[in-house]
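Residue numbering restarts at 1 for every chain, and letters A, B, ... go by the order of the sequence lines.
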Amino acid sequence: MIDLKALRENPEAFKASQKARGEDAGIVDKLLRVDDARREAIVEFEKLRAEQNLLSKSVGAAKGSEKENLLESAKKLAASVKAADAKRAEAEDAAHKAGLLIANLIDPAAPVGGEADFKVIETVGKPRDFKAEGFAPKDHVEIGKVIKAIDIERGAKVSGARSYYLTGPGALLELALVNYAISLAVKGGFIPMIPPVLVKPVAMEGTGFLGQAAENVYHLKEDELYLAGTSEVALAAFHMDEILDQLPIRYAGYSPCFRREAGSYGKDTRGIIRVHQFEKVEMFTFCKPEDAEAEHKRLLNWEREFFDSLEIAYRVIDVASGDLGASAARKFDIEAWIPTQGAYREVTSTSNCTQFQARRLNIRYKDKKGTKPVATLNGTLVAIPRTIVAILENHQQKDGSVKVPKALIPFLGMDTLVCA
RNA sequence: GGAGGGCUCGCAUAGUGGCCGAGUGCACCGGUCUUGAAAACCGGCAAGGGAAACCUUCGUGGGUUCAAAUCCCACGCCCUCCGCCA
């Protein structure tokens, strides 16, 4: 939810933000109108209600025929109070619904444009030169078969397209990555969490996933629950309706993630780059709004450290306005080099959601001036399938085996994944 | 799935139709006293909207009533017992 006061004071900023996202700017004016109507209805109702409260009190004190007379007018008043209340409820509902449609105000520092208009902030490491080493790299599907780490055929047989089994070394690799990521997170002061992934509409809506992103969410109609696409949902909602007194609070959530991948037909159909279910360790921070920007950099740095230690070339991009989620004011992605694609591909993503989610979820803190929504931020520490892709492809050797990056060896218990 | 008990301002509780937005204790914050602390005493202390008057909120949503924390209905959550499953 955006700040309605800020909207009233500067609607142009919100229109510009909507435009930069490639979304409807007209809903800004519409929201202003319904918000006016809402406030009018509230004033009208409160006026009548105050009158009724007064009158009611005098009824209790009165006696005899005076009481009869008072009762008479009180009854009439009760009817108009009821009507005004209904009108108020309707106006509030309309304003609330209109409010939910507007995405978070974009950080003016974010590059404006579509998916392709990102800015490269930094490129780290050099893509490995397989030509110089004298062999052509295999893609992760092939390597996965050779070392028996990934079984996509059987994944499709059992669960359909975009499903897979991690087998033997693949399964061990996931566990090692998760343990490594969690150990780093704990060292960094994050509280590790294993959150529910089955969540209520309020959590989904509060984190901004029921707008534009709704088609990518699994919905269990029978139970009116959703399968979350990221533990961000349950971590954000953890403190719903609370007033937090020590900030920042940092959690590292480990959970499965579910994505319908609607509208991505034909994209990344090979391998495990884009799948319906995967595990992820996600960082999540609640902090003061004024600390959010610095915290965003911190989350990015933790992501960077993680990828540095996997010895994989990557770049960091500043995601363009048109490619931001509804909740994000700004987003940085890490893209790892994928040799067989000759391209950098997204492996992590960190978003500054400013006070947008906290306003919807009613998560606040107190300072001298009053109670205000906190800021929330999230960032991927490790998303398993894409990280496995990056490791297998970047660390493959001529003989078909895969070298394990040093940092991961203690967690995996071996330094090479060999051909089965 | 069945039976019962509960849900009030951080915690514990009081409150069975108007004097209740709501008392008390603990915790917390400020002050007096003290070398300092404790104790004692005094004051403050739920949230939201509003410039204010005032309005809203006693799990949630409906209803009855001039008036609901209080009466009625539905739902949610927690606890106990039974059944079922592990």
Side-chain angles (χ1 to χ4, degrees), chain A residues 1-9 31-100 102 194-206 219-226 233-234 237-247 249 286 288-289 355-376:
Chain A
M1 181 72 75
I2 49 146
D3 183 353
L4 281 178
K5 242 183 224 166
L7 178 85
R8 270 180 236 132
E9 279 159 19
L31 176 57
L32 283 171
R33 276 197 302 276
V34 289
D35 182 52
D36 266 352
R38 177 189 69 100
R39 288 188 297 154
E40 236 169 75
I42 289 175
V43 168
E44 177 64 20
F45 162 73
E46 288 190 353
K47 203 187 87 200
L48 287 167
R49 178 61 118 182
E51 221 175 294
Q52 183 186 37
N53 284 346
L54 246 121
L55 191 53
S56 268
K57 244 170 219 172
S58 61
V59 169
K63 282 194 183 92
S65 67
E66 196 199 344
K67 187 163 187 168
E68 294 299 309
N69 290 337
L70 284 173
L71 265 177
E72 192 75 12
S73 45
K75 271 182 202 174
K76 274 185 210 143
L77 190 55
S80 37
V81 167
K82 205 169 182 181
D85 193 27
K87 212 170 158 191
R88 176 201 55 86
E90 203 178 305
E92 282 190 335
D93 191 52
H96 181 70
K97 282 199 179 116
L100 289 179
I102 295 180
I194 298 180
V197 284
L198 211 49
V199 299
K200 295 198 211 175
V202 62
M204 221 56 198
E205 182 138 275
H219 182 199
L220 286 80
K221 276 211 172 85
E222 300 266 293
D223 302 287
E224 199 43 26
L225 289 168
Y226 293 90
V233 175
F238 186 68
H239 288 300
M240 177 164 59
D241 295 322
E242 291 180 23
I243 295 173
L244 308 177
D245 46 26
Q246 17 115 216
L247 294 170
I249 302 176
F286 300 88
K288 293 180 186 171
Q355 294 168 291
F356 186 82
Q357 293 179 326
R359 219 171 262 122
R360 291 178 169 215
L361 291 168
N362 191 29
I363 305 171
R364 295 162 295 168
Y365 76 106
K366 280 184 186 173
D367 72 2
K368 293 132 242 153
K369 282 196 200 143
T371 318
K372 295 190 281 199
V374 300
T376 61

Task: Side-chain heavy atoms of A:Q355 within contact of A:D3, under 4.5 Å - done: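 A:Q355 vs A:D3: side chains apart.
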
TODO: May I ask you to test the A:Q357-A:M1 pair for a side-chain heavy-atom distance under 4.5 Å?
DONE: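 With C-beta onward as the side chain, the pair stays apart.
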
Return all side-chain donor-acceptor pairs below 3.5 angstrom for residues 76-83 of chain A, not counting sequence neighbours, or 'none' if the list is empty.
unit_1	atom_1	unit_2	atom_2	d
A:S80	OG	A:L77	O	3.0

- [ ] Nearest 0.5 Å please: distance from the CG atom of A:L225 over to the CE atom of A:M204.
- [x]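 Taking CG in A:L225 and CE in A:M204, the distance rounds to 11.0 Å.
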
TODO: Hey, could you give me the CE/CD distance between A:M240 and A:E242, rounded to the nearest 0.5 Å?
DONE: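 Rounded to the nearest 0.5 Å, the CE-CD separation comes out at 9.0 Å.
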
Pairing partner of [N] (Watson-Crick or G-U wobble, both distances under 3.5 Å):
N	answer
B:C41	B:G31
B:A51	none
B:C26	B:G10
B:G59	B:C75
B:C66	B:G18
B:G1	B:C82

Provide the distance between the two [atom1] atoms, one in [N] and one in [M], to the nearest whole Å.
N	M	atom1	result
B:C41	B:C72	C1'	49 Å
B:C7	B:A69	C1'	12 Å
B:G4	B:C55	P	41 Å
B:A52	B:C45	C1'	23 Å
B:U13	B:G6	C1'	14 Å
B:A27	B:G76	P	39 Å
B:U57	B:A22	C1'	12 Å
B:G10	B:A47	P	9 Å

Whole-Å distance between [N] [atom2] and [X] [atom1]?
X	N	atom1	atom2	value
A:L77	B:C66	CG	C1'	9 Å
A:E40	B:G50	CD	P	16 Å
A:Y365	B:G10	OH	P	21 Å
A:R38	B:G49	CZ	C1'	8 Å
A:I243	B:A46	CD1	P	11 Å
A:D241	B:G48	CG	P	12 Å
A:M240	B:G59	CE	P	18 Å
A:Q246	B:C28	CD	C1'	15 Å

Open item on the list: Testing the basics here: between A:R364 and A:V374, what is the closest heavy-atom pair and its distance to 0.1 Å?
Closed with: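 Between these two residues, the closest heavy atoms are C-CG1, 3.7 Å.
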
Side-chain donor-acceptor pairs of residues 44-52 of chain A under 3.5 Å, sequence neighbours excluded:
unit_1	atom_1	unit_2	atom_2	d
A:R49	NH1	A:Q52	OE1	2.8

Open item on the list: Strictly below 4.0 Å: does A:K57 bring a side-chain N or O up to OP1 or OP2 of B:G18?
Closed with: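 No.
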
Task: Any A:K82 side-chain N or O less than 4.0 Å from OP1/OP2 of B:U64 - done: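 Yes, such a contact exists.
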
Task: Ion pair A:D85/A:R88, N-O distance below 4.0 Å - done: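 Result for this pair is yes, salt bridge flagged.
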
By the 4.0 Å heavy-atom rule, please label [X] as base, sugar-phosphate, or nothing.
X	value
A:K200	nothing
A:S58	nothing
A:R364	sugar-phosphate
A:Q52	sugar-phosphate

- [ ] Would you please classify the geometry between the A:F286 ring and the A:H239 ring as parallel, tilted or perpendicular, with 30° and 60° separating the classes?
- [x]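 Perpendicular, since the angle between the ring planes exceeds 60°.
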
- [ ] Any chance you could list the contact pattern along nucleotides 51-57 of chain B? Use B for base contacts, S for sugar-phosphate-only contacts and - for none, protein heavy atoms under 4.0 Å, 5' to 3'.
- [x] ---SBS-

